[in-house]
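See below for the structure under consideration.
Everything numeric in this text was worked out from a predicted model, so none of it was measured.
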Amino acid sequence: MNVTDSMTEQENVQVADRERYSRQMLFSPIGEAGQAKLLQARVAIVGMGALGTVLANHMVRAGIGFVRLIDRDFVERSNLQRQMLYDEADAAGSAPKAEAAAARLGAANSGVVIEPVVADLNFANAEQLLADVQLILDGTDNFTVRFLINDVSVKHGIPWIYGGAVSSRGVSHTVIPGETPCLRCLFDQPPARGTTETCDTAGVIGSIIHTVASHQAAEALKLLVGARQQLNRKMVHWDLWYNQYAAIDVSKARKADCPCCAARQFEYLDASLEEDTIQTLCGRNSVQIQPVAPAALSLEEWAERLKPLGRVEKNPFLLKLHLDEALTLVLFPDGRMIVQGTEDPTLAKSLYSRYIGM
């Protein structure tokens, strides 16, 4: 057997997969050779909420050989409107999102290795969970985690695809270390605490989720089959309700003094950034979250914003949001929050991210 025959044999898609992926292989930019690459590819998806469920569905059904699903949260009834892999039974049982998604996707494509990871992605585990894949997909809802992904991406030379959606608006950008601006070239620091909307405060329509995640998935396929010349190197914005679309050329936005991709200072992988920010308050059944960078929140504005979500109490010094009989969020003007009714730091962090933004 000559070298050409050997290479052809390695590229061939197994007979059992031919029917499953036949329509995808008929798309000539992918073809059989591209499908063979997809079957060998390794992808991690961070966040299995709205974007993450659409991304995971696309990746698994497209035949990506290994897909790692990372999420710290559990399914709630309010997720079902837009998080497409979950059902009422998942919500009733508070199923971990990563596990529920893996079960649903495993039934759709048993030929893909799906690894659910129920964990909070942080400086201590980010490299372990992200450094052994070819591509990282962003399904998160906060900038702190995105900057952490960006650090891993640049440090290890792994592309990642940023995506975000809230209300009827969405954005996506593909980061290729050494070629495109990294996230810190575009946003030097995360937005100040409390200055960005979240799905739990501004709402979201399901169609913007599918628009953003489908764009991310298409870019992912281009990267994984090696069609880099076809990548969209612009930052893309949509507002589906108000019929707005913009593609911003960021090709010249790489910064010579970027702390991440130029100076290679991976600050978000540095444990000191998270020291003492989350503290269980002994004997009080409460967890305190203290932002590294203090904010300057208007309690009056936040009271109006949070009123639809539960009973709100406010004085000049703090605001209380009573989510239910068990959980109360106590918000201070500097962005500090005490989550009363739990001693679970992961749950507290999740609630902070959901209602305030991280």
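Checked against a 6.0 Å centroid threshold, the rings of Phe143 and Phe187 count as neighbours.
Distance check: Met84 CE to Thr53 OG1 gives 6.5 Å after rounding to the nearest 0.5 Å. For the atom pair CD1 (Ile30) and CD (Gln24), the distance works out to 4.5 Å, reported to the nearest 0.5 Å. In this structure, CD1 in Ile176 is found 5.0 Å from CG in Leu223, a value given to the nearest 0.5 Å. For the atom pair CG of Asn232 and CD of Gln216, the computed distance is 12.5 Å after rounding to the nearest 0.5 Å. One distance of note links CD1 of Ile161 with CG of Leu135; it measures 5.0 Å at 0.5 Å rounding. Here Leu351 contributes atom CG and Leu323 contributes atom CG; the two are 6.5 Å apart, rounded to the nearest 0.5 Å.
Look at Arg311 and Glu313 and you find a salt bridge, because one of the NZ, NE, NH1 or NH2 atoms lies within 4.0 Å of a carboxylate O, short of that distance. Residues Arg184 and Asp151 are not paired through a salt bridge, judged by the lack of any N-O separation under 4.0 Å between the basic side chain and the carboxylate.
Of the possible donor and acceptor atoms, none in the side chain of Arg305 sits under 3.5 Å from a partner among the backbone N and O of Glu300. Looking only at distances, a side-chain donor or acceptor of Asn122 sits under 3.5 Å from a matching main-chain atom of Asp120. The main-chain N or O of Val60 is found under 3.5 Å from a side-chain atom of Asn109 such that the two form a donor-acceptor pair. With hydrogens and angles disregarded, a donor-acceptor distance shorter than 3.5 Å links the side chain of Ser172 to the backbone of Tyr162. Counting only distance, with no hydrogens or angles, the side chain of Gln134 and the backbone of Arg42 share a donor-acceptor pair below 3.5 Å. Side chain of Ser110 to backbone of Gly106: no donor-acceptor contact under 3.5 angstrom is found. Between the side chain of Ser167 and the backbone N or O of Arg169 there is no donor-acceptor pair closer than 3.5 Å.
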Margin query: Let's go through Asp90 and Lys97 carefully: what are the C-alpha distance in whole Å and the side-chain angles of both, what is the deciding distance for salt bridge (charged side-chain N to carboxylate O under 4.0 Å, His left out) to 0.1 Å, and is it a yes or a no?
Written below: CA-CA 8 Å; Asp90 296 324; Lys97 289 183 177 179; over 6 Å; no

Next item on the list: Please step through side chain to side chain donor-acceptor pair (under 3.5 Å) for the pair Asn57 and Arg61, ending with a clear verdict.
Entry: CA-CA 6 Å; Asn57 194 50; Arg61 290 179 183 274; 2.8 Å; yes

Next item on the list: Go through Thr346 and Lys349 one step at a time and tell me if the side chain to side chain contact (heavy atoms under 4.5 Å, CB included) criterion holds.
Entry: CA-CA 5 Å; Thr346 299; Lys349 186 175 179 181; 5.8 Å; no

Next item on the list: In sequence, state the C-alpha distance, the side-chain angles, and the governing distance for Glu127 and His156, and then conclude on side chain to side chain donor-acceptor pair (under 3.5 Å).
Entry: CA-CA 9 Å; Glu127 289 183 275; His156 294 276; 2.8 Å; yes

Margin query: Could you go through Thr180 and Val250, starting from their C-alpha distance and side-chain angles, then the distance that decides it, and tell me whether this counts as side chain to side chain contact (heavy atoms under 4.5 Å, CB included)?
Written below: CA-CA 8 Å; Thr180 70; Val250 294; over 6 Å; no

Next item on the list: Please assess Asp249 against Ser251 for the test side chain to side chain donor-acceptor pair (under 3.5 Å), listing each intermediate value before the final yes or no.
Entry: CA-CA 6 Å; Asp249 185 356; Ser251 60; 2.7 Å; yes

Notebook entry, point to check: What do the steps show when you test Lys222 against Gln229 for side chain to side chain donor-acceptor pair (under 3.5 Å), and what is the final call?
Noted result: CA-CA 9 Å; Lys222 295 174 193 177; Gln229 71 279 7; over 6 Å; no

Checklist line | Residues His210, Arg82; criterion side chain to side chain contact (heavy atoms under 4.5 Å, CB included); working and verdict | finding: CA-CA 9 Å; His210 285 260; Arg82 66 199 179 281; over 6 Å; no

Next item on the list: Output, in order, the C-alpha distance, side-chain angles, deciding distance and verdict of side chain to side chain contact (heavy atoms under 4.5 Å, CB included) for Trp302 and Ile356.
Entry: CA-CA 9 Å; Trp302 275 94; Ile356 308 301; 3.6 Å; yes

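Looking only at side-chain heavy atoms (C-beta outward), Val225 and Leu38 come within less than 4.5 Å of each other. Counting heavy atoms from C-beta outward, Met337 and Val330 have side chains that stay 4.5 Å or more apart. Inter-residue side-chain proximity for Val113 and Val67 is flagged as unmet; no heavy-atom pair is nearer than 4.5 Å. No side-chain heavy atom of Val43 sits under 4.5 Å from any side-chain heavy atom of Phe66. Annotation: side chain of Arg233 is not in contact with side chain of Thr174 (no heavy-atom distance under 4.5 Å).
Around atom CD of Gln128, no more than 12 heavy atoms belonging to other residues, nucleotides or ligands sit under 6.0 Å away. Arg77 CZ: 12 or fewer foreign heavy atoms inside a 6.0 Å radius.
Judged by distance alone, the side chains of Asp141 and Thr198 never bring a donor and an acceptor atom under 3.5 Å apart. Checking Thr140 against Asp138 by side-chain atom types alone, a donor-acceptor pair falls below 3.5 Å.
Take Asp71 and apply the side chain to side chain donor-acceptor pair (under 3.5 Å) test, not counting sequence neighbours, and it matches no residue. Residues satisfying the side-chain contact (heavy atoms from CB on, under 4.5 Å) test with Glu76, not counting sequence neighbours, are Phe74, Ser78, Asn79, Arg354. Applying the side chain to side chain donor-acceptor pair (under 3.5 Å) test to Asp188 and every residue at least two apart in sequence or in another chain returns nothing. Shown here are the side chain to side chain donor-acceptor pair (under 3.5 Å) partners of Arg254, two or more places apart in sequence or in another chain: there are none. With sequence neighbours left out, His58 forms a side-chain contact (heavy atoms from CB on, under 4.5 Å) with Val54, Ser214, Ala217.
Both Tyr245 and Val204 sit in one connected hydrophobic cluster of ILVMFWY residues. Membership requires side-chain heavy atoms under 4.5 Å apart, directly or through other members. When hydrophobic clusters are built by joining Ile, Leu, Val, Met, Phe, Trp and Tyr residues whose side-chain heavy atoms come closer than 4.5 Å, directly or via intermediates, Ile209 is grouped together with Tyr242. One hydrophobic cluster, built from ILVMFWY side chains closer than 4.5 Å, cannot hold both Val118 and Val46; they sit in different ones. Linking ILVMFWY residues whenever their side-chain heavy atoms come closer than 4.5 Å, directly or via other members, leaves Trp238 and Val166 in distinct clusters.
Between Asp239 and Ser168 the shortest heavy-atom distance is OD1-OG, 2.7 Å. Nearest approach of Lys255 to Ala262, heavy atoms of both residues: O-CB, 3.7 Å. Closest heavy-atom contact between Cys199 and Ala165: SG-O, 3.8 Å. Of all heavy-atom pairs between Met48 and Ala98, the closest is CG-CA, 4.5 Å. In plain terms, the two heavy atoms of Glu19 and Ser22 that are nearest each other are O-OG, 3.1 Å. Nearest heavy atom pair, residue Arg336 against residue Gln288, reads NH1-OE1, 3.0 Å.
Pairs engaging residues 315-326 under the salt bridge (Lys or Arg N to Asp or Glu O under 4.0 Å) rule: none recorded [sequence neighbours left out].
Exactly one residue among Leu148, Ile70, Ile158 makes a side-chain contact (heavy atoms from CB on, under 4.5 Å) with Leu130. That residue is Ile70.
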